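Quick notes on the structure that follows.
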Amino acid sequence: MTTPMTTAILSALPEEQSGLLGSLEQPARMAHAGRVFHRGWLHGQPVVLALSGIGKVAAATTASALIERFGATRIVFTGVAGGVGDGVNVGDVVVARSYVQHDMDASPLFARWLVPGYADICLPCDSELSALLSGAASAYLASVSGLFDINSGTTAPRLHHGLMASGDRFINCPEVSNALRTPLLDAGHDVLAVEMEGAAVAQVCLDYGVAFAAMRTISDRADATAHVDFAQFIDTVASRYADHIVRNLLQSLPN
Ligand code: ADE
C-alpha cells in the first residue's frame, strides 16, 4: 500500500483555520519553530494545518517546516487579498496561476522583480492542484450566487485566475497600488491581487518540488479604506469561503 500524500492547509488567519480545526479527526497538536501545527485527517485525507504568519519571511519559515518536519507533499494556501486588477472586486475569489514578489528589485544586476536564481519573475503554481482548487472555489461560488440578486445592488462573486503579487507591505493607498501595478502591467504582467505571503510559499515549494496552489478572497481594493474593509470582511465572509472551498477541494483530491 502506498503512503497517502500529506496536504498542508496554510491559512493566513485564525478565523480561516478554525472551522477546519474543529472538524479535524485524530488531531495532534505540535509546537515547532515558534508555531503551532495540527496534524489529522479531513475527508479521508491526511492533513497538517498551520497559520502562515504575516509577511514573506514568516510564510517561508512555515512552508519549510511543513515540508521538512511534517512531510507535506502539497501545500494549499487560503487567505484574503487586496484586489488591484480591473473588475476584481470585494467578495470575488482569485486562484493564483503564478506569483511575483513586487518588492524584489535587484536591478540593474538582475531584471526587476526577478528573484535571482529563478527562471522567471513569475513563480508558477502547480497547474493540476490549482485546477482542483479552482473547481472547488467555482462550486462554492455557484452555491452562494443564488443569494445575490440584481435588485439588492450587490453582484454575485466572481472567480478569477492569474497573477498575484506579494510584498512586505499592506497596500491602502491608490497611488501605491498604481505604482506597484502599472510598471508590472507595462512589462506584460497583469496583477489581479496583492497580499503579503503567497510568493514566498511559491518560492519555497519550487525549491522543494512540492505542489502549491493558492486562493485569496478579495477583502478590499487596496485603497484608503482597505484596513476597514479588511477587518470587517475577515469577520463576516473570509472564514466561510475558506472553510467551504477547502472542504470541496479535499473531497476532490486524489490520494
Ligand atoms: N491582504 C488583504 N488586503 C491587502 C492589502 N490591501 N495589501 C496587502 N495585503 C493584503
Side-chain angles (χ1 to χ4, degrees), residues 9-18 50-63 75-105 113 122-123 125 133 137 157-185 189-204 212-243 245-246:
I9 309 294
L10 198 47
S11 310
L13 305 161
E15 290 86 344
E16 292 174 314
Q17 195 192 48
S18 59
L51 295 177
S52 61
I54 294 174
K56 300 202 303 296
V57 175
T61 302
T62 311
I75 296 185
V76 177
F77 200 121
T78 73
V80 294
V84 296
D86 294 335
V88 180
N89 297 315
V90 172
D92 289 356
V93 172
V94 179
V95 172
R97 285 211 179 96
S98 59
Y99 266 98
V100 61
Q101 297 188 12
H102 67 73
D103 53 359
M104 169 56 75
D105 188 355
W113 304 293
C122 297
L123 304 165
C125 298
L133 182 58
R158 294 174 57 207
L159 178 60
H160 308 263
H161 304 90
L163 179 64
M164 284 208 257
S166 311
D168 290 325
R169 179 168 190 178
F170 185 84
I171 313 285
N172 64 341
C173 159
E175 288 77 23
V176 176
S177 162
N178 285 336
L180 181 163
R181 182 165 185 259
T182 307
L184 275 161
L185 193 57
H189 306 292
D190 187 2
V191 176
L192 301 183
V194 287
E195 38 87 314
M196 300 176 68
E197 297 85 18
V201 180
Q203 185 180 339
V204 170
F212 173 59
M215 62 143 272
R216 294 271 178 165
T217 309
I218 301 302
S219 57
D220 58 81
R221 279 288 301 173
D223 56 15
T225 61
H227 53 295
V228 182
D229 299 341
F230 175 86
Q232 277 175 359
F233 194 82
I234 287 160
D235 284 347
T236 53
V237 186
S239 47
R240 245 182 306 138
Y241 271 45
D243 199 34
I245 294 173
V246 168

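When a ligand or atom number is given, it counts from 1 through the structure's own listing order. Only a predicted model underlies this, so the values are computations on that prediction, with no experimental measurement involved. Worth knowing before you read on, the calculation uses all heavy atoms, side chains too, and leaves out hydrogens, waters and symmetry mates. Index from 1, following the sequence.
Only backbone heavy atoms of A81 (N, CA, C or O) come within less than 4.0 Å of ligand 1; its side chain stays farther off.
Within ligand 1, counting atoms from 1 as listed, the ones closer than 4.0 Å to a heavy atom of M196 are 8 (C), 9 (N). Ligand-side atoms of ligand 1 in range of R169: 8 (C), range being under 4.0 angstrom from any heavy atom. Every atom of ligand 1 is numbered from 1 in the order shown, and the set under 4.0 Å from a heavy atom of S219 is 2 (C), 3 (N).
Ligand 1 does not have R221 within reach: every non-hydrogen atom of the residue lies 4.0 Å or more from it.
The two residues G167 and D103 make their nearest non-hydrogen contact at CA-OD2, 3.3 Å. Between V88 and L192, the shortest heavy-atom distance links the atoms CG1-O, 3.8 Å.
Remark: R240 does not engage E15 in a salt bridge, criterion side-chain N to carboxylate O under 4.0 Å.
For ligand 1, the polar-atom distance check against N172 finds no nitrogen or oxygen pair separated by under 3.5 Å. Considering backbone and side-chain atoms together, A222 places no N or O closer than 3.5 Å to any N or O of ligand 1.
Side-chain atoms of Y241 do not come within 3.5 Å of backbone N or O of D92 as any donor-acceptor pair.
For the atom pair S52 OG and E16 CD, the distance stands at 8.5 Å (nearest 0.5 Å).
For atom 5 (C) of ligand 1, the closest heavy atom belonging to the protein is F170 CE1, 3.5 Å. Of the protein's non-hydrogen atoms, the one nearest atom 7 (N) of ligand 1 is I171 N, 2.9 Å. From the protein, the heavy atom lying nearest to atom 9 (N) of ligand 1 is E195 CA, 3.4 Å. Nearest protein heavy-atom neighbour of atom 3 (N) of ligand 1: D220 OD2, 2.7 Å.
Within 6.0 Å of CG on L13 lie more than 12 heavy atoms contributed by other residues, nucleotides or ligands.
Side-chain atoms of S166 and Q101 include no donor-acceptor pair closer than 3.5 Å.
Taking the six-membered ring where the residue is Trp, F212 and Y99 present tilted rings, their angle falling between 30° and 60°.
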